[in-house]
There are 2 protein chains.
Amino acid sequence: MVTLKDVAKRAGVSVSTASYSINGSSLITKETKQKVLLAAKEIGYRTNGPAKNLKEKKTNIIGLFLSGFTGPFFTDMMEGIQDVVIQNGYELMVYASDDNHRLLVERYVDGAIILNHHMEDSFLKAIADEKLPCVVLDREIKTPFINHVLLPNEQGSAMAVRYLLEKGHNRIGYMAGSRESYDGEMRLKGFKTEMKKYNRSFSRKDLLRADFTESSGYLAMSQYIEKRTQDVPTAFICANDEMAMGAIRAIKEKNLKIPDDIAIVGFDDIYVSKHFSPSITTIKVPRKEWGTIAAQSLFKMMDSTYDAETMEAVSVELMSRTSG
Amino acid sequence: MVTLKDVAKRAGVSVSTASYSINGSSLITKETKQKVLLAAKEIGYRTNGPAKNLKEKKTNIIGLFLSGFTGPFFTDMMEGIQDVVIQNGYELMVYASDDNHRLLVERYVDGAIILNHHMEDSFLKAIADEKLPCVVLDREIKTPFINHVLLPNEQGSAMAVRYLLEKGHNRIGYMAGSRESYDGEMRLKGFKTEMKKYNRSFSRKDLLRADFTESSGYLAMSQYIEKRTQDVPTAFICANDEMAMGAIRAIKEKNLKIPDDIAIVGFDDIYVSKHFSPSITTIKVPRKEWGTIAAQSLFKMMDSTYDAETMEAVSVELMSRTSG
DNA sequence: TTATTTCATTGAAACGTTTCAATAATATGT
DNA sequence: ACATATTATTGAAACGTTTCAATGAAATAA
């Protein structure tokens with residue numbers, strides 16, 4: 001391995017001079033600097049990051065910790081995060097894990113954005129206790145060094161409910177995602193409370209469970225219709241658009257009309273929703289903005305002159321299209 | 001920061017004993033080990049990864065270097081890679097960049113999988129020269145420490161061409177993606193040579209350029225049809241399914257029938273292709289397997305007892321559906 | 001000329017680990 | 001009892017950086 005020592009030797013200077021030169025200190029004279037840079041290039045010197053990190057006690061890396069890489073939802077969000085991270089002169093490292101979280105635990109990052117239900121609150125608190133700034137996207141936590149940026153999920157569900165009620169639907173079913181998802185459960189909660197608020201009954205039998213994928217949505221809806229034949233709601237709200245697509249596919253397959261027999265409202269407004277057939281009425285979530293705000297909030301915390309949280313809010317909007 | 005020294009002090013042992021205990025050396029007696037572990041827990045000790053890396057000269061991290069996070073194509077591949085990496089006791093870190101590649105340059109990873117047209121061949125060769133094993137997915141490079149796992153793109157295009165010729169199409173158009181994509185250009189090349197092989201002419205005017213997204217495919221096809229009204233091929237091959245979806249949307253919008261007026265064949269077989277309306281005839285690429293093989297190939301190289309490349313091949317298959 | 005200031009370079013310590021070689025303590029064989 | 005082997009613990013060096021404090025050289029002031 002080519003080290004700074006090798007560079008120094010070849011350039012005929014000391015290690016410290018080499019270091020200063022490479023890091024562009026103004027003390028070093030132009031010629032020596034050039035000499036060092038040349039030597040470095042000639043023998044192919046590359047900084048050893050871990051060594052540098054050790055000395056400087058920082059990595060200039062921000063970690064994004066997800067439970068998995070799956071789904072079209074997250075890529076937009078990642079882009080938003082990435083932009084801000086780069087602007088701030090850091091690198092973004094994305095990491096998916098379900099048990100050990102080595103890269104977070106072992107100080108590979110200077111800050112973290114977390115959307116990973118495999119991480120316990122207590123674990124995150126322990127991390128934050130050691131002054132590692134975190135932004136959590138999938139829970140509410142009140143601790144120094146942890147901020148959270150949440151989606152207005154309940155509000156979104158409420159909008160969907162009101163929209164369908166206005167259209168004259170009285171019995172509305174709900175297709176929920178897997179229980180581990182914070183956003184998912186909040187969407188369900190918002191749905192239930194809004195229904196109650198308008199005195200509409202919602203029975204357990206009209207609650208379908210799937211796992212946010214198209215195929216799971218398809219399966220759940222197929223089975224539901226087969227089981228209850230005629231006894232189905234005139235509308236369904238789905239906790240995300242992918243499941244809505246699956247549900248629609250199942251409904252079409254049974255020769256029922258959308259939205260005449262069953263209306264469908266999704267959540268997220270992923271790219272295809274607009275172009276799907278029928279186009280999907282849905283709650284638009286500004287995913288990229290969500291990422292941006294999360295990252296900004298992180299850097300705000302990392303700034304030493306940090307004074308409590310000034311949380312910008314993410315807002316949500318109903319896109320009325322043909323499916324519902 | 002809580003260090004090993006603090007743990008040692010609290011446990012009343014030396015730093016080395018603490019280190020051995022934590023790393024589970026068999027030399028240390030059970031009681032001391034317990035004492036150390038307890039102390040570590042009490043004061044919340046966490047290994048400093050960079051320090052450890054520095055000493056051990058390895059990070060146990062594999063990097064996946066992409067140009068961007070966009071598109072549904074890559075998530076499957078990432079899953080394939082992730083599985084193998086975890087199995088081997090490493091962590092996977094995903095990183096998207098378009099200019100500096102710090103995490104690769106500064107030795108944050110023990111091995112790399114690369115699918116990033118922003119990286120020059122010469123850069124990768126320099127990296128490999130320093131004995132950092134790389135697997136490249138988007139180019140052919142012959143150097144020690146670099147392996148490549150390529151998709152049979154040309155073969156796939158050839159299959160698509162033959163399929164359409166057999167169906168009686170004689171004039172076939174092609175919708176290509178952006179030029180930077182190696183896979184994309186290979187698909188185009190395969191298309192052209194197969195057309196030539198069967199003595200079908202292919203004029204430049206039937207070559208559309210888009211950038212692999214649905215919207216770009218839509219736009220390109222819309223403009224094309226508007227410009228040439230009646231003078232269009234009876235079939236198109238698209239370099240990926242997302243563009244195929246866009247093209248289909250454009251064609252439908254002009255009230256042309258698929259596949260009667262224009263047949264469409266895509267490439268990749270992403271999840272929605274099967275459920276799209278019409279369902280898309282396409283070349284199925286085993287993405288997850290691609291990732292798996294790439295990662296396996298990487299670990300093979302990293303194994304000291306490595307003896308040249310024994311490349312497993314990825315194979316491709318035509319899925320005949322309704323769009324073509 | 002000598003004292004003082006400025007500028008460029010360097011030696012050495014430090015960051016938090018791991019691990020070799022040395023020591024201390026105990027057990028075994030005679 | 002002694003020498004020897006075995007086991008448990010530790011001191012110290014090393015990994016590749018950065019950076020403080022010290023040094024040396026050149027320039028300025030007296």
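A note on names: the letters A, B, ... follow the listed sequences, proteins ahead of strands, and every chain is numbered from 1. The figures that follow rest on heavy atoms only: side chains count, while hydrogens, waters and symmetry mates do not.
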Tell me, with the steps shown, if A/Glu130 and B/Arg46 meet salt bridge (charged side-chain N to carboxylate O under 4.0 Å, His left out).
CA-CA 10 Å; A/Glu130 300 221 22; B/Arg46 295 183 293 127; 3.4 Å; yes

Looking at every strand, decide which applies to B/Asn23 at a 4.0 Å heavy-atom threshold: base, sugar-phosphate, or nothing.
sugar-phosphate

Report the relative orientation of the aromatic rings in A/His101 and A/Phe123; use parallel for angles under 30°, tilted for 30 to 60°, perpendicular for over 60°.
tilted

Pair A/Asp211-A/Thr213, side-chain donor/acceptor within less than 3.5 Å:
yes

Base, sugar-phosphate alone, or nothing: which one does B/Arg46 contact when heavy atoms must sit under 4.0 Å apart?
sugar-phosphate

Plane angle bin for A/Phe299 and A/Tyr90 - parallel if under 30°, tilted between 30 and 60°, otherwise perpendicular
perpendicular

Given that B/Arg107 and B/Ile28 both sit by DNA chain D, which one's nearest nucleotide is further toward the 5' end?
B/Ile28

Just by distance, with hydrogens left out, do A/Asn48 and B/Arg107 show a side-chain donor and acceptor under 3.5 Å apart?
no

Mind calculating the distance between OH (A/Tyr20) and C1' (C/dT10) to the nearest angstrom?
9 Å

Which is the 5'-most and which the 3'-most nucleotide of DNA chain D that has an atom under 4.0 Å from a heavy atom of chain A?
D/dG16 to D/dC20

Give, for atom CG of A/Asp83 and atom NZ of A/Lys288, the distance between the pair rounded to the nearest 0.5 Å.
4.5 Å

Checking A/Asp110 side chain against A/Asn60 main chain: does a donor-acceptor pair fall under 3.5 Å?
yes

Does B/Thr3 reach a base, just sugar-phosphate, or nothing at all? Heavy atoms under 4.0 Å.
sugar-phosphate

Expected list for residues 5-18 of chain A near DNA chain D, using heavy atoms below 4.0 Å, is A/Val15, A/Ser16

Start at the 5' end of DNA chain D and walk down; is the nucleotide closest to B/Lys57 or to B/Thr29 reached first?
B/Thr29

Verify whether one side chain among A/Asn53 and B/Tyr108 offers a donor that lies under 3.5 Å from an acceptor in the other.
yes

